[in-house]
Structure formats: C-alpha cells, structure tokens
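All remarks here apply to the structure that follows.
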Amino acid sequence: MRLIVAVDNEWGIGNKGDLLARVRADLRNFRRVTADCAVILGSNTLATFPGGKVLPKRVNIVLHPDPAYHPEGATVAHSLEEAVEISRRFPSDKVFVIGGASVYRQMLPYCDVAYITKFKKSFEKDVYFEDLDASDEWELESESEEFVSDPETDTEPDLKYTFCIYKRKKTMKKELPKTYSPDEIEGRLYDFWNEKGYFTPEIDAKKKPFSIVIPPPNVTGKLHMGHALNNTLQDIIIRTKRMQGYSTLWVPGTDHAGIATQIKVEENLRVEQGLTRHDVGREKFLEMVWDWKNKYSDNIKKQLRRIGSSCDWSREAFTMSPTLSAAVKKTFVRLWDKGLIYRGFRIANWCPHCNTALSDAEVEHKEIPGNFWHIRYPIKGTDEYLTIATTRPETMFGDTAVAVHPEDERYKDLVGKTLILPLTDREIPVIADEYVDREFGTGCVKITPCHDPNDFEVGARHGLEHIFAIGEDGKMTSAAGRFEGMDRFEARKATVKALEEEGYLVKVEPHGHNVAHCYRCGNVIEPLASRQWFVKMKPLAEPAIAAVKEGHIQFIPERFSKNYLNWMENIHDWCISRQLWWGHRIPAYYCDDCGEITVSETDVTVCPKCGSKKMRQDEDVLDTWFSSALWPFSTLGWPEKTPELDYYYPTNVLVTAYDIITFWVSKMIFMALDTMDGKPIDKAVPFPDVFIHGLVRDAQGRKMSKSLGNGIDPLDIVDKYGADALRFALATGNSPGNDMRFSDEKIEAARNFNNKIWNAARFVLMNLTVDDYHLPEKEQLTTADKWILTEYNSLIGEVTANIENYELGVALSKLYDFIWDVFCDWYIELVKPRLQSGDETAQRVLVFVLSNTLKLLHPYMPFITEEIWQSLPHKGDSIMVSEWPKTSKELDFADDALKMERVIAVIRAIRARRAEMNVPNSKKATVYIVTDYKDTFEPSIFPFFERLASASEVDVIDSYGKDDAVQVVTDSATAYIPLAEMIDLEKEKARLTDERKKTVGEIERLEKKLSNEGFVAKAPAAVVEAERVKLEKYKDTLSGIDAALARL
RNA sequence: GGGGGCAUAGCUCAGCUGGUUAGAGUGCAUGCUUGACAUGCAUGAGGUCACUGGUUCGAUUCCAGUUGUCCCCACCA
C-alpha cells in the first residue's frame, strides 16, 4: 500500500492528546504506514508525530521556511500547488489527507480517505466542509463526539470541533484489483522516472560508462513492430546495466531520412494543395519539411516513451541538427582533403520519379520477365549485318559502338568496320573488348555508355562518345529522333515495332532478368551517366575489414560478420550526392569564372583561386546515410571535444536488425575508424559489439507491410495489453539474428504472465503484516525457505550471464519459469499454511524473493515490476535504480534444496497416481511414507502433503504391512495411500510393470555407458560421476517398484 | 552466379562451449468454484530432433553431402 500523507498543522489539535492518539491509532490500523511522499504543511507537524513512527518514513515535500523542520531527504515546495504537483509523480493508489480545510481541497482529488477536523465556531456551522458532505463521491465513515477547545491553551477559545473520517465511496479499494490493468500505471511511472532524472546519467569518473546510441528511426512516420523490438532489446540491456551500477547513457534521436521524408512531404503537398515542390520553392518547401519533421519526431518520441524506453531525452539528437550538421561538413571536408571524396561523371542509379541519383544500396533488384531482342545492325557499304541481342532496345539510340570479343573468330574481321544504327543514319564502329562474353547472346554487344555501367567502362576504354537516349525525366531525348519525348517504356514498344516493320528484328526470345527498382517509390531505375559525388571506398574499407577480422568488432550472432565482410570486400565507390532539397547541402562551391571547386566548412563567397565573387554552392544534398554514418560520435558532440565524447565513446553495443548491416552498420564502422584515426583501435571503433536481431513477421510468417495491410501497430498492443506485455511478447523466445512471428497467442501469453505476477504480488501483500525487506536469520528458515532461496540464487547467476551474452530470450524464459512454476506454483503453495498462522519468516522470505526477482525482471517489464516493488517493503526510490541482485553463498543451501526436491517429487508422484485413478481431491487419505531419508520426511513437511497431495495425515513408518494401499515409488521414498476401494489390482500391476520396464531400460542404458571403458576413461570426471548418481537413483526406484510388485 | 539461414510435439518456437528420461507457449484430453490468479490449478497424451554418411567413448548439438524452404548480395548485354 502506498500512501501520500498530507498533514496540516493548522488543524488545531496539536495540543489535544486524545485526538492525536485517535489519529495515530487509526493510522496504525493500516498495515504499513510508509509513504512515498508526504506533504507536510506548517511547523508543528514533526512534533505531532514524534519519532516518525506514524509519520511516513520518507518525506519528500515540506512546506516550511525553517530547515530545522525538514526531515532528511525532503524536498521543499514553495506552494501547496507545487506540493500537489510533485506528489502526483509518486506512485500511489491510496492517498490520505490529515488536515483541515486549508489542505483538503487540493489534496482531495488524490485521496481515498480523508481524516478531517471539522471546526465550528459558535456562530458558524460546518463552514468548511459543506461541499464534502454534499458530494456523492464521499461518505462520512465516522465522526467523533464534539470537542470544545481548551480556553487556556488553544488560540481560538470558542472553537468547537469534531474529528471525521471520510471515505471515497466507489473507488475505495479493499485490495488490489483482481487483474492487472496497465493503462493508468504506465504513464504515471514513466513520468515519475523522468522527473527523478533516472534517464539522464551523470558523467562520473568513479563509475564505468555504458552507452548505446539508438538506431535513429526515420521521421517519415510512426514506429512499427520492428522498432518496438529494436528498442525493447536496447532498453533491456540499458536497464540491466543501469542497475548494475554503470553510468548508463542511451542516446535517442531521429534521422532526417532525405529521400523518404521528401517524398512524403511532396505527396502530402500534392494531395492537399495540388502543388509540386517546385511550385513552392526550395526555401518554403524546406520549411514544410521541418514542420513535418517536428510533428513526426514528437510522435516517435511519444511512442518510445509508451513502450518504456529509458532514453536520455536531454541528449536527444537529430541528423540535421546544427551540431550534427557541423560533424557532416567537417567529415566531408576532411575526406575531400584526403582525396577520398571526388566528383565524377559516372553511371549512377537514377530514379526518374524521385529525380535523384541513388546509391547501390538504395536499389532493389527484382526479377521481371522480359525479352531478348535480336537486332540487325547493317554493316556500312555492304549487304551484310551484325546481329546484336539486347534486353533494352530503346537505348540503342545512345549506342556509340558495337563490341565483340577480340579473339572471337566469327567477328575478328569486322573490328574497325562501321555499322549503321537502324532507325537512324548514325554510324558507329565495331570495337573489340574483353568484356564481351562470346558464349552469351550473339557475341556482339551494343555499347551504350550513358545507360549501362559496363558500357560506360568500355566507352571510357575506347574513348567513345556519350549520347543520352533517355533523359533524367525518363523520356526519350532528341537522339531518339522520331521517338523523342516518348516515355522510355512506350519507346521500347515503339522501337521494337519500328524495327520489326523495317526488317531489323531477327527474333525475340523471352528472357527474365533482374531490374533495379527504387527502394522508395518502386519505379524502375535508369542507369544514367551523370556528374555525382563519390566516396572512394577501398581505402576506407580496409581498416573496417581488419577491425572485424581481428575481433575488435564482434557480430552477435557471429555469422553476420560474413555478410558484412562479403559486402565490404566487394565494395564499390559510394555515390553520396542526391538531387534533393531535404538534407545536408554539399559544402562545395563552384567559381563561375575560373571553374574552381572549393570545399569548405564555412560558406565561400570569394574564389580562393581567382578572387571572383561569382560563387555558387552545389545544389545537391548528401545521402542520408552520410550523416547517420557519423551517428555514434556525432551524437556525443564530435567534432567538439565534449565530456560525453570523452567518457561514453566508444559506445558499448549497437542493437539493430540484419537488414541494415550494409546500409548503416558498415558505414558507421569505416567512418568511425577513419575519423578516430590515431586512437588505439579499441578506442576508435564505434562499438565492440553488434547485436543483431531479426525481423518481426505476422502470424503467418509474412513480412509486415503496408501493402499487405498485416502490420500491427505496437501502440495498439500497448493500449490493449500494456507495454510490459508487448515487451514480453517481443523478448520471449527471441534468439539473436532470427526472425520472429508476432501473434495474438503470444501477446495473450504475455498478458497472462503480467496477470500472474500481479496476483502473486497481490497475494503476498494480502498476507503481509511485517514491514521489512530483509531476509530473516538463517536459523529461522525452513527447508522450503532454503529451497526457494537456493533456486533464486542460481536464477540470479543464470539470468545475469544470459543477459551478458545477449541471450535475452533465454534469460526471460528462465525468469518466467522461476516466477510461475517455482515461486507461484510451489513456494507460495508450500507457504500458505504458515501464512495463515501469521508466520513472519515466511512473509519476509516471500517479500525478499519476490522483490528481488522483480529486479531481475525489471529490464524486461519495467512498469509492473516498479508498481509492485513500490508497494512491497523496499529500500530506495525506484526499482529502476535499485541494485542488481548478486549471487551469494549465504543464499545457497544445496542440502536443504535437495530435501525439498525429494518431497516435491513424492508429492508430484502422489498427485499423478491420484489423477490417473480419478480420485477427487476432496477424497483425503492418510499417506504413509517409507524412506531412508528420515531427516527429509520429518513432521515440518507434513503439511505440504496435506495441502498439495490430499493427505488427511502423514505418517513416516518403517514398513507398510497391509496390501490395501496405492503405492507410489520415487527414488527417495515409497508412499502408501490406503484407498482400498479405488484399487484395481490388475491395473496397478500393469502400471508398476510398465514403470519397471522404463526404469530397467534406463538402468541398462547407464550401466552400459558406465561399463564402456572409453567413456569412463575419456569423459570428464564430473560427467561420469553424474551418470553414476543417476544410476543409483534408478536402482533405488527399481527396488521400490520391485517391493511394490511383490506385495501385489 | 556467389553467400547465408532454417528444417525439433498438431501449431509457434527454445535448446549456450557435444553427455538431458529432448523442453516451453499454445492446442488437445481428464479432473478441479482449494480464500492470489479460470488471464487460474493439477494430471496426461503427443517427438526415429528432415535424410545419408563422417568425426567421437558418446551427435538433436560438430563436419560433409542430399532434399525441402526462406533470405541477402551480384553490372552478363
């Protein structure tokens, strides 16, 4: 139970011992009067509650000018409004007000119970509380008899008063609700953490740093399931590290996403106003994009908060912010100065729809059916011709040669001859080039340097002319003669038709081929020669390859390093210019007079070469990945030497999906290595670990996409089931690098788990009479207590190690098993009888194990764990900053745990027996136990059998003489249950025989294994020993079964 | 054309550096109004760990091949 206690000294009862005693007594009746927050108003409050016994333990707000009255840890509020405001941030479902009219009105909305002193002046009647009495939300529960103030001590001698307790009618809850309802809790807790400043770490030389930079979502829209998974995984890691005592920074931010965003805004502009970006102009258009960006990045921020991401919002970054833009310029200039950026006339991927060049990474190849057209090119001055084969006949108008292989006997003589390009009267030469594959097609290739990367190379080798057949708008140029202005696909049909009509077409073969498409708009890419900026990749790739090969950067799972290396080792130069408006404008300036190119971080207005003032900045912007490549250090303030950069760089891990390794991860690696050149390699890498996760698919295993309409909005899930359920569903069973399916079943299982935890906590709280989070003395612990502590202790070790190794799904399933099966289904059940008799040891063990297990679970399910932890006895302000549990020898009671396991095994066996025989639980019977482990099966564990194995009573005996009992055999004991009328002798015999067979099988298997010399000699001693122990157990069981059979 | 993943219960998937009576969730069957939870409890059925070889004392796990399936990369006109 959490309280906010609002106390007002103006109530005038400070000197009335009887009333004060009444207040205290009432408060004591509540189980635990600890509060997360107390609003204390006035001066004599502390005197009113001497020693803090009734007063809340931790006082957060004090409204008093004299510091002498401020309890330790108090915050001073300067007005009641402020106090109310602060108090709202504290988790609370019950609020108490003790006080007079001056405080109750403000606090009442947060109250369920109000202790109120009503004053009556002789001439007035209930002046202050008429509204409360009139309200149908509140009811008067009790009212003391009327007091009259003491004329000697009271300041207002004619005052009469009564002491009243009001309760809120409907919302007064006697206990926590039966099912967990996250909606109200989550928002409140996130604000609480935020206000407390837990998300913002201190740069502390005494602590070890731990940092992650978020893969910045695009500001194009809202987050999808993939983002939810990505950020859940990061948050799990970050929260764990924070609790482990690291100074933990998670930098959030967004990416301006050049092309993607511009297209969205253009689309919006077109739909809403029927305008293009050219209609509104560059400046105005960019304003619109900024508006869009602000709207969507706010939205994204909100979504990240909803799922509980513990990002440091004070260090939020954006790829186009001034600091990051400075980093971009600086990097561009540096690479230019090093000769690693050049401007070149090259074939680039051109999207006629987006009107920009694209990098290779930004095109998607799709297999589409096409044709192979065989076309005759007449040889000048003869009746002969050469037949070429092409998939793109419309580009023939850009042909400037036909190439054959230099050693191709068929065409050797033709090299150097001239051909007439059909449908035109242009003459082109036949050239010889090794590029041509003699086996493919006709062995003759038309060379179109402006429209094909290979042809471009060939053209360069042979000094061929550049003729564009298709323009940037995707329409035919004047070179196409009569087809000028025609769309490129129309032109293909028209060209083929003309060729056919004029007799140039030899044949048509169906031929599927891969065609590049724009990853944004989906249109077919036109390879087009143009002047673009490029990054020379080879020199940058080398150290980036070495860093991974030498293990300075590690992919998890490891196999993705192959992906990365494969790509890096076959890398092409990176086209970084984009003909867009939204992005970092290229910091290059052209002199109109002398043509000099000047690259500079600052604006250039005078040509450094000729002094001309006719300077123009390049119109193009940079590829969006250029700025995101700098993300790990630009977000920490680089190029400034900030304390953040110094302390948090390199970041510790990058968490991302595999589909973005080549796009982004690789670029960050080579950019960081180049930028941090000179640092030792371990300080230069952007991150030592790359934790790769898979994609989130729908229940049928399909990729979630807009066109399929199968996308699930993570926020819908949060609304319906809560953030913790979403996080659980995403984290559970998720293994690194593998895709996962998201289904209703999964989310329901997650919801159920939430509910299970909630109810376990509810049960613990309902039975709690002690206010202590410490473990009882060893001497007081029972076998069951020691068992659960031992289990808990090993859980800590396993979960911690799993998280350390990024086995987040495995760690979670262990937590799930522990909480559900071990803690709830066994420990709570074992402990129930003790709770009924008010055993405090049991309560304290429950609290200890539950609250510490919640800590281990907190990174996965931050909200519910905080909410429950707050309501349990605890130390500290928040589970989020509590200390991560550590394994301890103090918690390890292996011998007792073993005893408990024997008991559990017998109980299980009895239940199974009874269930098989359809004996209802209501039918109780004595359980006689024959065992060699008399110290295990001693009276303290008898209640377990009564409760969990339908025993009416339990007796440990040396042997059971009669034959009227069901016999249940385990390796440590045989239980006899006299249920004579239930027993079917034949069935019983059959079952035992069957069991015997299985056991004998196991024994044989183990004996064979142990008699294998190879095994005994070569297997590790521990393994051999374990097998021996197993064998002994089976032998024990077997003798039990044999004895049982004998008596039948 | 290269590279990689996956193949385990009806379904969805775990199973880390070889030794388990091969697990979970869900579904199925049976029985439970047990003072936290039916979003629950108990019990059970259900698997030649795709196939074939190899390494090993021992292979679901490591290696090779086969089949099926999915993905990534690639400028053969």
Side-chain angles (χ1 to χ4, degrees), chain A residues 175-176 178-180 347 360 365 372 388-392 395 403 435-437 439-442 444-448 452-457 511 513-514 516 527 557 559-560 562-563 566-567 570 572 658-659 661-662 694-695 699 701 732-735 737-741 743 745-746 748-767 801-802 805 807 809-810 813 816-817 824-825 828-829 832 836 908 911-916 918-922 947-948 950 998-999 1001-1002 1005 1009 1012-1020 1022-1024 1026-1027 1030 1034:
Chain A
E175 55 184 42
L176 301 179
K178 252 185 156 180
T179 51
Y180 173 61
I347 293 278
D360 291 343
H365 291 269
F372 225 2
I388 59 99
T390 180
T391 54
R392 304 198 52 201
T395 62
Y435 151 71
V436 180
D437 178 353
E439 312 298 317
F440 193 82
T442 59
C444 304
V445 187
K446 67 195 256 319
I447 300 299
T448 323
D452 182 283
N454 291 308
D455 293 7
F456 187 87
E457 299 291 321
H511 183 258
H513 61 151
N514 274 326
R559 64 173 188 269
F560 287 102
K562 281 185 195 160
N563 259 4
N566 190 32
W567 188 80
N570 298 299
H572 295 92
Y658 59 72
D659 60 347
I661 293 174
T662 50
L695 311 176
T732 192
N734 189 283
S735 61
N738 288 353
D739 290 354
M740 63 172 306
R741 296 186 193 206
S743 61
E745 280 178 9
K746 227 168 217 166
E748 276 167 20
R751 188 263 326 260
N752 294 352
F753 184 49
N754 269 284
N755 197 49
K756 188 71 186 178
I757 299 169
W758 183 253
N759 274 292
R762 198 158 72 97
F763 174 78
V764 171
L765 286 169
M766 279 170 62
N767 287 284
N802 285 139
N805 296 325
E807 292 154 3
V810 177
S813 85
Y816 179 94
D817 290 346
C824 291
D825 288 347
I828 286 186
E829 293 304 326
K832 272 180 181 171
Q836 273 154 23
R908 281 216 162 102
R911 281 174 178 170
R913 270 322 12 257
R914 292 178 60 112
E916 255 173 66
N918 282 323
V919 187
N921 289 338
S922 53
R947 222 194 128 65
L948 304 172
S950 303
K998 275 187 199 156
T999 311
E1002 287 301 319
R1005 190 177 63 86
K1009 200 170 188 179
N1012 180 334
E1013 279 176 36
F1015 174 70
V1016 179
K1018 292 186 183 173
V1023 173
V1024 178
E1027 299 292 306
K1030 257 189 258 172
Y1034 283 122

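Throughout, a chain's letter reflects where its sequence line sits, starting with A, and its residues are numbered from 1. The analysis underlying the following values was restricted to heavy atoms, covering all of them including side chains, and did not include hydrogens, waters or symmetry mates.
When heavy atoms are screened at a 4.0 angstrom cut-off, A:Arg1005 is found touching the sugar-phosphate backbone but no base atom. At a threshold of 4.0 angstrom between heavy atoms, the contacts of A:Ala749 are confined to the sugar-phosphate backbone, with no base atom among them. A:Tyr435 comes within 4.0 angstrom of a base, heavy atoms only. When heavy atoms are screened at a 4.0 angstrom cut-off, A:Asn563 is found touching no nucleic acid atom at all. Residue contacts shown for A:Asp659 are absent, as no nucleic acid heavy atom lies under 4.0 Å away. Across all strands shown, A:Lys1030 has heavy atoms under 4.0 Å from sugar-phosphate atoms exclusively, and none from any base. A:Ala912 comes within contact range of the sugar-phosphate backbone alone, with a heavy-atom separation under 4.0 Å but no base atom that close. Across all strands shown, A:His365 has heavy atoms under 4.0 Å from sugar-phosphate atoms exclusively, and none from any base. As judged by a 4.0 angstrom heavy-atom cut-off over every strand, A:Ile347 is placed among residues making no nucleic acid contact. Within 4.0 Å of A:Tyr816, counting heavy atoms only, lie sugar-phosphate atoms of the nucleic acid but no base atom. As judged by a 4.0 angstrom heavy-atom cut-off over every strand, A:Arg911 is placed among residues touching the sugar-phosphate backbone only. At a threshold of 4.0 angstrom between heavy atoms, the contacts of A:Asp437 include nucleobase atoms, whether or not backbone atoms are also involved. In this structure, A:Glu829 reaches the bases: a heavy-atom distance under 4.0 Å links it to at least one base atom across the strands shown.
Note: CH2 (A:Trp567) to P (B:A74) measures 9 Å, nearest angstrom. Following rounding to the nearest Å, A:Tyr1034 (OH) and B:U20 (C1') show an atom-to-atom distance of 9 Å. Taking atom CE on A:Met766 and atom P on B:C37, their separation rounds to 7 Å, with Å as the unit. Taking atom CD of A:Glu1013 as the reference point, atom P of B:U56 lies 18 Å away to the nearest angstrom. For A:Asn454 and B:C76, the CG to C1' distance is 7 Å, given to the nearest whole Å. To the nearest angstrom, P of B:A77 lies 5 Å from CZ of A:Phe440. At whole-Å resolution of the value, CG in A:Asn767 and P in B:A36 are 7 Å apart. Remark: P of B:C76 and CD1 of A:Ile447 are 15 Å apart, rounded to the nearest angstrom.
A donor-acceptor pair under 3.5 Å is absent between the side-chain atoms of A:Asn738 and the main chain of A:Gly694, judged by distance alone. Although no hydrogens or angles enter the test, the distance criterion places no donor-acceptor pair under 3.5 Å between the side chain of A:Asn566 and the main chain of A:Lys562.
With the nearest nucleotide of RNA chain B identified for both A:Asn759 and A:Cys444, A:Asn759 has the one nearer the 5' end.
Nearest to the side-chain atoms of A:Pro1020 among the listed nucleotides B:U39, B:C73, B:G19 stands B:G19. Side chain of A:Asn755, nearest nucleotide from B:C41, B:C37, B:A74: B:C37.
A donor-acceptor contact closer than 3.5 angstrom is absent between the side chains of A:Arg751 and A:Asn754.
Ring planes of A:Phe560 and A:Tyr658: parallel class, angle under 30° (limits at 30 and 60°).
The side-chain tip of A:Lys832 points at the ring of A:Phe763 from less than 6.0 angstrom away and within 45° of straight on.
As rounded to the nearest Å, B:G65 and B:G46 have C1' atoms that lie 32 Å from one another. Using atom P as the reference point in both B:U21 and B:G40, the two lie 31 Å apart (nearest Å). Nucleotides B:A42 and B:A24 are separated by 13 Å at their P atoms, to the nearest Å. Comparing the P positions of B:U61 and B:U48 gives a spacing of 16 Å, expressed to the nearest Å. With both ends at atom P, the span from B:G54 to B:A59 equals 11 Å, rounded to whole Å.
For A:Glu807 and B:A14, a side-chain-to-base donor-acceptor distance below 3.5 Å is absent, hydrogens and geometry of angles not being considered.
Heavy-atom minimum distance, A:Asn734 versus A:Met740: ND2-SD, 3.2 Å.
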Any protein N or O atoms within reach of nucleotides 9-13 of chain B? Criterion: under 3.5 Å, listing atom names and distances.
{"unit_1": "B:U12", "atom_1": "O3'", "unit_2": "A:Arg741", "atom_2": "NE", "d": "3.1"}
{"unit_1": "B:C13", "atom_1": "OP1", "unit_2": "A:Arg741", "atom_2": "NE", "d": "3.0"}

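Nucleotide B:G40 has B:C32 as its partner under the Watson-Crick or G-U criteria, with both atom distances under 3.5 Å.
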